[in-house]
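Some notes on the structure that comes next.
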Amino acid sequence: MNSRLPNLLLNNGIINQEQFLLFKSRQKDSGNSVVTELCKLGVVNEDQIASFLASYYDMPVVDLGGIEVPEAVRKLLSPEFIQKHQVLAIQRNGKTLQVALVDPSIDFVVEDIKFITGLNVQPAISTETQFLRAIETHYHLGGTLDKILKDIGDDVAAEVIQDAADAEADKLKEDIEAAPVVKLLDGVISDAVHKGASDIHIEPYENQLRIRFRVDGMLTEVMSPPYHMRNALISRAKIMANLNIAERRVPQDGHIKMRLSDRTIDLRVSTLPTLFGEKVVMRILDKTNLTLDLTTFGFEEKALADFERAIRLPFGMLLVTGPTGSGKTTTLYSVLSKINVPTVNTMSAEDPVEYNFSGLNQVLVREEVGLTFASALRAFLRQDPDIIMIGEIRDLETASIAVRAALTGHLVLSTLHTNSAAATISRLVDMGVERFLVSSSLTLVVAQRLIRKICSKCKTEAEIHPEAFRELGLDPDALKKHTFYRGAGCVECNNTGYRGRTGIYEVMPITPKIRTMILDGRTTTDLEAAAAEEGMLTLRIGAIKKFERGITTIEEVLRVTGDI
């Protein structure tokens, strides 16, 4: 396959001579596609390449996301030809075949298609990412990762000796760095980022190595590499995160910072010794995907007004609650982005620091050296703070200092693990905080969850069984004329029917009535009922509203809210 794309980019001033030579030296050994290797240089991205090719060859750019390829059209070109030339037949109109090309500069590719199919060819340009997603869906070819595995083959001798001594660590690193496993792990990370995954799980079992991605909160298996690559792949991840590859008996935590196309990606790496080897989880922290506009989070109108009123107060404690992965930290970062101005001193204690912001004094909690949330908070109070963010209230000491800070003229933001806003009161009291301190320091509690949205590309009308309405406490007869939706499944959503997530929120302001009830020792149920009378929407009601508006499905409402 002879691509003239690098020369075209050079001749048209999109890349310079130095970048061209660097591409040549790297692409020769990497085995990556021309587009992938050009993007890895960091000077051009897929969209720029597609736009240039469309202009140069006078071809339209096609969006493969919502296109369904008929079976008869899929059979016109062989899977081998499709992968080799990165071309996809997408539609036939009489004697004309519409095809999508990633790189039309490849010699004779259009002529070859004409010869193979006997049809006239109408070419269009596609990005490589959309092409790979399309062939995963329509041809089940596995895209990037399957191609990497095929290139690596089954004869890789890059296995790490399980009992390697510390003295062999340097030699071990050299072996792993030189092995094809480097290419595999880079491909896994790249594919995870392109698919919008939040986590990568590398899991060794007795006779299997499994890799899964968490996309929109759900884990999906994406590949099972050859089992003999188990130790090499895990050790490669540990080397990238600057962890001790000779230590396999205790958990370790590390960090990877890498450049991918035109953006920088941070990965938080955690290893855990299991029965059949170390499990590795990589949390992908992509700041380009971080949304800080509270109005786009999914708050209902009154809830957002209550929330914004609370964060404008100069003192008091605001708590965001929910399980791990419910977006609590993102909500707090969004608050800080609104109120952290040059006239205030804002400090945060986090474990870990997920994103760094200019103008915010961030402290990484390190319990192994005695820097706990409580000790950091104590130090903050001697630093003339206006706003304090604590990553999590885990114990009585931290809670007590946070309460005192809120009562002495500071705005305190933090998170807590509870199932509802009202349950937060009981949790603080159970920790040992006196009720009168809870009632006087707390200004607002937000409980939140993330719920998957119906994919906009394959959204279609859906019939809902009356019993499902009743399970949500809805009247089926009252909703007969209402139109509901679901996702049919397409390339863009990996055939799940869902793409992206939005928040559901339970915002409970601590009003005079709620304060009195806290002092009187009223139950969580009583507090929730009183807050609902004052206009608070529960998580279940918030989710139902999004279902009624066609944002999500009834199955997703039941999955996320359960018995809440």
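Everything numeric here is computed off the predicted structure, so don't read it as measured data. One is the number of the first residue; the rest follow in order along the sequence.
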How about [atom1] on [X], more than 12 heavy atoms from neighbouring residues, nucleotides or ligands closer than 6.0 Å, or not?
X	atom1	result
Lys302	NZ	yes
Glu471	CD	no
Phe81	CZ	yes

Check the pair Asp306, Arg309 against salt bridge (Lys or Arg N to Asp or Glu O under 4.0 Å), reporting the backbone distance first and the verdict last. CA-CA 5 Å; Asp306 289 339; Arg309 192 178 304 116; 2.9 Å; yes

One pair to check against salt bridge (Lys or Arg N to Asp or Glu O under 4.0 Å): Lys545 and Glu548. What are the steps and the verdict? CA-CA 5 Å; Lys545 282 182 174 292; Glu548 291 176 338; 5.6 Å; no

Is there side-chain contact between [X] and [Y], with heavy atoms separated by less than 4.5 Å?
X	Y	answer
Val557	Ile544	yes
Lys338	Glu308	yes
Cys493	Lys457	no

| message | Pair Arg212, Glu203 - check salt bridge (Lys or Arg N to Asp or Glu O under 4.0 Å), show working. | response | CA-CA 8 Å; Arg212 294 191 291 173; Glu203 303 166 318; 2.8 Å; yes

Considering non-hydrogen atoms only, spot the tightest contact between [X] and [Y] and give its length.
X	Y	answer
Arg283	Ser198	CD-O, 3.3 Å
Leu450	Ser326	CG-O, 3.5 Å
Pro104	Val109	O-CG1, 4.4 Å
Leu185	Ile202	CD1-CD1, 4.1 Å
Val61	Ala54	CG2-CB, 3.6 Å

Item to check | Audit row: Leu97, Ile90, side chain to side chain contact (heavy atoms under 4.5 Å, CB included) steps and yes/no | outcome: CA-CA 8 Å; Leu97 179 66; Ile90 52 180; over 6 Å; no

| field | Worked verdict on Arg549 versus Glu300 for salt bridge (Lys or Arg N to Asp or Glu O under 4.0 Å) | value | CA-CA 12 Å; Arg549 292 177 191 145; Glu300 298 297 325; 2.8 Å; yes

### Task
Output all residues satisfying side chain to side chain donor-acceptor pair (under 3.5 Å) with Ser414, sequence neighbours left out; order by chain, then residue number.
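Scan of Ser414 (side chain to side chain donor-acceptor pair (under 3.5 Å), adjacent residues dropped) gives none.
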
Residues two or more places apart in sequence or in another chain: which of them pass side chain to side chain donor-acceptor pair (under 3.5 Å) with Lys459?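 In terms of side chain to side chain donor-acceptor pair (under 3.5 Å), with neighbours along the sequence ignored, Lys459 is linked to no residue.
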
Under 3.5 Å, is there a donor-acceptor pair linking the side chains of [X] and [Y]?
X	Y	answer
Arg540	Thr561	yes
Gln86	Asp103	no
His255	Asp266	yes
Thr129	Glu46	yes

- Item | Spacing of CG belonging to Leu77 relative to CD belonging to Gln83, to within rounding of 0.5 Å |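 CD of Gln83 is found 12.5 Å from CG of Leu77.
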
Among Leu479, Ile554, Thr553, find the one that has a side chain to side chain contact (heavy atoms under 4.5 Å, CB included) with Phe484.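 Looking at Leu479, Ile554, Thr553, the match for Phe484 under the side chain to side chain contact (heavy atoms under 4.5 Å, CB included) is Leu479.
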
*When the ring centroid of Tyr505 is compared with that of Phe299, is the distance short of 6.0 Å?*
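Distance test on ring centres: under 6.0 Å, yes.
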
